[in-house]
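First the structure, in the form of structure tokens, and then the observations on it.
Note that the structure is a prediction, hence the values are computed from the model and not measured.
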Amino acid sequence: MKEYNHLKIEKKWQKYWEEKKTFKAKNDGKKFYSLIEFPYPSGSGLHVGHIRSNTAMDIISRKRRMEGYNVLYPIGWDAFGLPTENYAIKTGIEPAKVTKQNTDTFRKQLKTLGFSFDWSREVNTTDPAYYKWTQWIFLKFLEKGLAYKAKSYINWCPSCKIGLANEEAVGGICERCGTETIKKEKEQWMLGITKYADRLDKDLDFVDYPERVKTQQRNWIGKSEGALIKFDNIEVFTTRPDTIFGATFIAVAGKENRFTGRYVTNPATKENVPVWEVDYVMEDYGTGALMGVPAHDERDFEFSKKYKLPVKTVVERLSINATGQSKPKDDLPFIERNCVDVIVKHWSLNKYLCLQWKKVDWRTFVTGGIEKGQTPEEAARMEVREETGYTDLKFIKEIGVYHSKFYHGPKKVNKFAHFHGMYFELQSDIQEEVIAEEKEKHELHWVDYDKVISFIKDDENAMGWNLLTNESFSVFTGEGILVNSGKFSSLTSQEAKKQITEFVGGKMVTKYKLRDWIFSRQRYWGEPIPVIFCAKCGIVPVSEKDLPVELPKVKNYQPTDNGESPLANISKWVNVKCPKCKGPAERETDTMPNWAGSSWYYLRYTDPKNKKEFASKKNLKYWLMPKQGFGGVDWYNGGMEHTTLHLLYSRFWHKFLYDLKLVPTPEPYRKRTSHGMILAEGGDKMSKSKGNVINPDDIVKTYGADTLRLYEMFIGPFEQSVAWNTESIIGSRRFIEKVWRIGANISAESSLPGSLSPRARGALPLGPSACETPCQENSAFIKKLLHKTIKKVSEDIENMRFNTAVSSMMILTGEMEKMESIDIKDYKKFLKILAPFAPHITEEIWQSLGEKKSIILSSWPKWDESLIKDTEIKIMIQVNGKVRAEIMVGIDAGEAEIKDKALKDEGVLKHISGKDVKKVIYVKNRLINIVV
RNA sequence: GCCCGGAUGGCGGAACUGGUAUACGCGCACGACUUAAAAUCGUGUCUCGCAAGGGAUGUGGGUUCGAUUCCCACUCCGGGCACCA
């Protein structure tokens, strides 16, 4: 590991980049904006887990630069400042000092790793120069009526003595210390995020986020469309107004289930229904009251069972065949028919009577129409007798009614069938003769209980069976066809919703789970809310020229016992003159949450030193204007833990600023990705308390920064969590040394120190491929592999598949090392694609090969498709799906030729001789499968 | 309870759209070089079998000429939401 002094080399290049500022914009013609979610200061320091996403973004950013883009890749600090505060409280060191200390350490660590941040755009969100603008934006919210004071419950942690936001007290447990929280009522500042709920939901359609992130955001917003309907003086919210005829009680929020003794009128049926207090109804969702529809809601059903309330079915199942042979034909009208679907149990075995149709691929129970004047039971008996001959039937029960729209192949018509599911048990095998015509239609099967579902195959045909055997089908919560609903009967749920809502005088509304954002914190560390309370003038905003309202220097920033902010005790700071009337007034002592500064820091990156505005319009436009889709930050990588709150909050702020015409795009981020965590060696989360934290400095000291970077990328799929393993890191180091060795060997003029010992040099010559084949062929082979690798690495970086990119470069160097000589141009191309991964060592080799400019100023190599194309391809030959041989054929060999060659192959003949070749399947450029 | 991921050698993991399962790396074993060690290079390394062959991608089934990949059921692990009418 001491063949060259990697630490020296890395230091040399860190310094070089610092001085030359190689990473400054070099091409204004194109633009790109990549963003990293920075590592935030915490007590435990930066660990290898933090480094991973930075490395990934650094690789992308370096590649972009080589592709000629102007890259904005800034660095920010402490937007998620909570850990600092937390650590400060624990240690008693002043938060500002902790931040300063940590920031310096981290800055040094990040530089060591060679990240190509644009340090001149550094943003520190806890700096008053920055949070001035956070306060300024808050005042805009206030001006537009989106910031308001309201009574609200806070979760108070008796141990931390801190009021917690909802997200910090999940399930009533303090996220910081695990203590159970207490609810306290308090006047709090709120931000009206619910006004943006609809747009925050809708605009997800236009951004490039992973599907799961979108889903999580949508769930959080919780949009649902329904109706407000009055039952006398009680208004309920329901998403299922179509079930109102089945509403047999009204449930209002309460602590226990006790009947209130009151009755109200169901506006649809005009019947009186009882009003119950119910513990599963939430006071703050919808209207705090709901209509109980036991037949079509599981909780209502449970409740009605317990208190013996009537269950009234008003919606029946409807299935429409969407695909395949039974899909209704568009040009045919539907023929409605009442039918029976008859399930018949065997007289002694646990088997059931099923039919396999002969003319179509249908598997059903006995079915048929109900003739005029027949009861369903009579019809069922008749059908069983006609189709199967069995007569000794005992009627057990009617299973239910379900509807189906399908195309009846044998009869060539669209059918709209209303099935009555009928269940019989056969008493004996007494059987009459079945007429020939019926026998032609289908064949009879007795199917085992547990095979029925797989025999019937089609879900819709198995509806009767599911209703009979599966309890979860007992409450139908889906949409279907209305029954017992007066003039709305036979409408579909979809059709009925609007009509019924109108009929009962209700109105359609959209509700969200999302609540307005509680924006106050009773803590020291946060931007003070820039508001003054005056006895005469009320709430007065601090004027813009007095911003920022800075945090006062305090001795004790610990939270108070009474739930007030620590700032409340500092009368010097609190007591001010009212800006309007100059009378005595008091400052707001609440501060903003850590999410505030992080909601817009990316905007400041475009113009971090601006003193007049939070960022100039010109800069915002340059970096954010749509390149694709909605525009915004081109690429934002961050941890999964921020996919709901932070992402949603910053989207909200951005949209608000967009409405004020202060930012040019309606969405902040065009593309969002998330990295998986690096876990400690045991697979646990890294944490200081567990003592399993891997410090990047230690790794760098032993293996070098390039090795660490490579390993972080190689260790596993980027979006997946992986456990760290220090043992494996040596592989990445060996790879780098191999690259170095090839570089040292490649040219006599190379100024690289002779990295190969004479012994190793002696051992090197040049594996079998170098000796056995002529040199020219070798060089063509390497060229081809190189171009394949360029393609692979280029594409893999874009898709964040760094692990396979590294792997393919390892394969290439493995082959290169076997060669007697390598074209220096080819080797340089390889260095270029490796450069983003291992910037220091590639830079050193690059310049030792006579290059004067930094490798990052060179251009990203292009691959040549014609070189990649194979002239001969390998075709696998399978016999009955098993690989038996392989043949080489020319790229443009015809199918017949290949098949012919395959059938004559010795290895194949062994397996097919004496057997009939039934079928030969040829998959282009891949394989031949011979079926015998 | 609901929603979303995942499960492949001793280990991290690879496999394009259903087409050679285990690339690449680690570890291990053997060999070369060396007085020796380290480093480096080479060979081998899923499993049963002497071989021909057979069996393996969490478990069980299905579709297919062919399934790690698609479908159904289940087990375990991870993440998110949780009386949302």
Rounded to the nearest Å, what distance is computed from the CG atom of residue A/N219 to the C1' atom of nucleotide B/G79?
13 Å
What nucleic acid atoms does A/I715 come within less than 4.0 Å of, heavy atoms only: base, sugar-phosphate, or nothing?
sugar-phosphate
Using the closest heavy atom to pick a nucleotide of RNA chain B for each, name whichever of A/Q878 or A/G716 lands nearer the 5' end.
A/G716
Under-4.0 Å side-chain N/O to phosphate OP1/OP2 contact, A/N803 with B/A14
yes
Quick one: A/L679 CG to B/C11 C1', roughly how many Å, whole number?
15 Å
B/G9 glycosidic conformation (syn if within 90° of 0, otherwise anti) is syn
Rounded to whole Å, how long is the line connecting atom CD of A/Q720 with atom C1' of B/U8?
12 Å
So which nucleotide from B/C41, B/C26, B/C24 ends up closest to the side chain of A/S807?
B/C24
Salt bridge A/E712-A/R709, side-chain N to carboxylate O under 4.0 Å
no
A/I921 side-chain proximity, nearest of B/G25, B/C41, B/C65:
B/C65
With side chain to side chain contact (heavy atoms under 4.5 Å, CB included) as the test, pick out the partner of A/F837 among A/T55, A/I736, A/V806.
A/V806
Please list, for nucleotides 83-85 of chain B, all pairs of protein and nucleotide N/O atoms separated by less than 3.5 Å.
| unit_1 | atom_1 | unit_2 | atom_2 | d |
| --- | --- | --- | --- | --- |
| B/C83 | O3' | A/R299 | NH1 | 2.8 |
| B/C83 | O2' | A/Y280 | O | 2.9 |
| B/C83 | O2' | A/R299 | NH1 | 3.1 |
| B/C84 | OP1 | A/R299 | NH1 | 2.2 |
| B/A85 | OP2 | A/Y285 | OH | 3.0 |
| B/A85 | O3' | A/T238 | OG1 | 3.2 |
| B/A85 | O3' | A/T239 | N | 2.5 |
| B/A85 | O3' | A/T239 | OG1 | 3.2 |
| B/A85 | N6 | A/M282 | O | 2.9 |
| B/A85 | N6 | A/Y285 | O | 2.7 |
| B/A85 | N1 | A/M282 | N | 3.1 |

Taking OP1 and OP2 of B/G55, is either one under 4.0 Å from a side-chain nitrogen or oxygen of A/K882?
yes
Assess whether a salt bridge exists between A/D242 and A/R240, defined as any Lys/Arg side-chain N lying under 4.0 Å from an Asp/Glu carboxylate O.
yes
Rounding to the closest angstrom, what is the interatomic distance between B/U69 and B/G61 at atom P?
14 Å
Distance in angstrom units between A/I868 CD1 and B/C16 P, rounded:
18 Å
For atom C1', what is the distance between B/G66 and B/G79, given to the nearest Å?
35 Å
Within the 6.0 Å centroid threshold, strictly below: A/Y711 and A/W724
yes
Could you state the CD1-P distance from A/I928 to B/U20, rounded to the nearest angstrom?
14 Å
What's the closest nucleotide to the side chain of A/E727 if the choices are B/G27, B/C81, B/G54?
B/G27
Considering every strand shown, what is the Watson-Crick or G-U wobble mate of B/U45 when both distances are under 3.5 Å?
B/G27
So if I take every side-chain heavy atom of A/K738 and compare against B/G53, B/G25, B/C41, which nucleotide ends up nearest?
B/C41
Measure the distance from CE on A/M677 to P on B/G5 and round it to the nearest whole Å.
19 Å
Centroid-to-centroid, A/F714 to A/F735, below 6.0 Å?
no
Could you tell me the separation between the CZ atom of A/F802 and the C1' atom of B/G25, rounded to a whole number of Å?
18 Å
Could you check whether A/H296 gets within reach of a base, just the sugar-phosphate, or nothing at all, counting any heavy atom under 4.0 Å?
nothing
Mind checking if A/K910 touches a base, just sugar-phosphate, or nothing, with heavy atoms under 4.0 Å?
sugar-phosphate
Rounded to the nearest 0.5 Å, how far apart are CG of A/L903 and CG of A/L909?
8.0 Å
Looking at A/R801, does any N or O in its side chain come under 4.0 Å of the phosphate oxygens OP1/OP2 on B/A23?
no
Among B/G13, B/G25, B/U40, which nucleotide sits nearest the side chain of A/M810?
B/G25
In terms of side-chain heavy atoms of A/R926, which of B/G80, B/A52, B/G19 is nearest?
B/G19
Check whether any side-chain nitrogen or oxygen of A/R218 sits under 4.0 Å from OP1 or OP2 of B/C81, and answer yes or no.
no
For the C1' atoms, the ones on B/A21 and on B/G13, what distance do you get once it is rounded to whole angstrom?
13 Å
Determine the interatomic distance between C1' on B/G58 and the same-named atom on B/A52; round to the nearest Å.
32 Å
Ion pair A/K306/A/E302, N-O distance below 4.0 Å
no
Over all atoms of both residues, closest heavy-atom pair of A/R672 and A/P210:
O-CD, 3.0 Å
Provide the distance between the two P atoms, one in B/C11 and one in B/U47, to the nearest whole Å.
12 Å
Under 30°, 30 to 60°, or over 60°: which ring-plane class applies to A/H646 and A/H642, parallel, tilted or perpendicular?
perpendicular
Just checking A/R884: base, sugar-phosphate only, or nothing, at a heavy-atom cut-off of under 4.0 Å?
sugar-phosphate
Complementary nucleotide for B/G1 - Watson-Crick or wobble, under 3.5 Å:
B/C81
Can you check the A/W220 CH2 to B/C2 P distance for me, whole Å?
21 Å
Among the nucleotides B/C65, B/C24, B/A52, which one has an atom lying closest to any side-chain atom of A/F714?
B/C24
Can you tell whether the side chains of A/K255 and A/E277 come within less than 4.0 Å, N to carboxylate O?
no
For B/C48 and B/G9, measure between their P atoms and round to the nearest Å.
15 Å
C1' spacing across the pair B/A23 / B/U45, given as an integer number of angstrom
15 Å
Taking any heavy-atom pair under 4.0 Å as a contact, classify A/V883: base, sugar-phosphate, or nothing.
sugar-phosphate
Say we look at B/G10 and B/G49: how far apart would their P atoms be, to the nearest angstrom?
16 Å
Closer than 4.0 Å, any side-chain N/O of A/K792 to the OP1 or OP2 of B/C24?
no
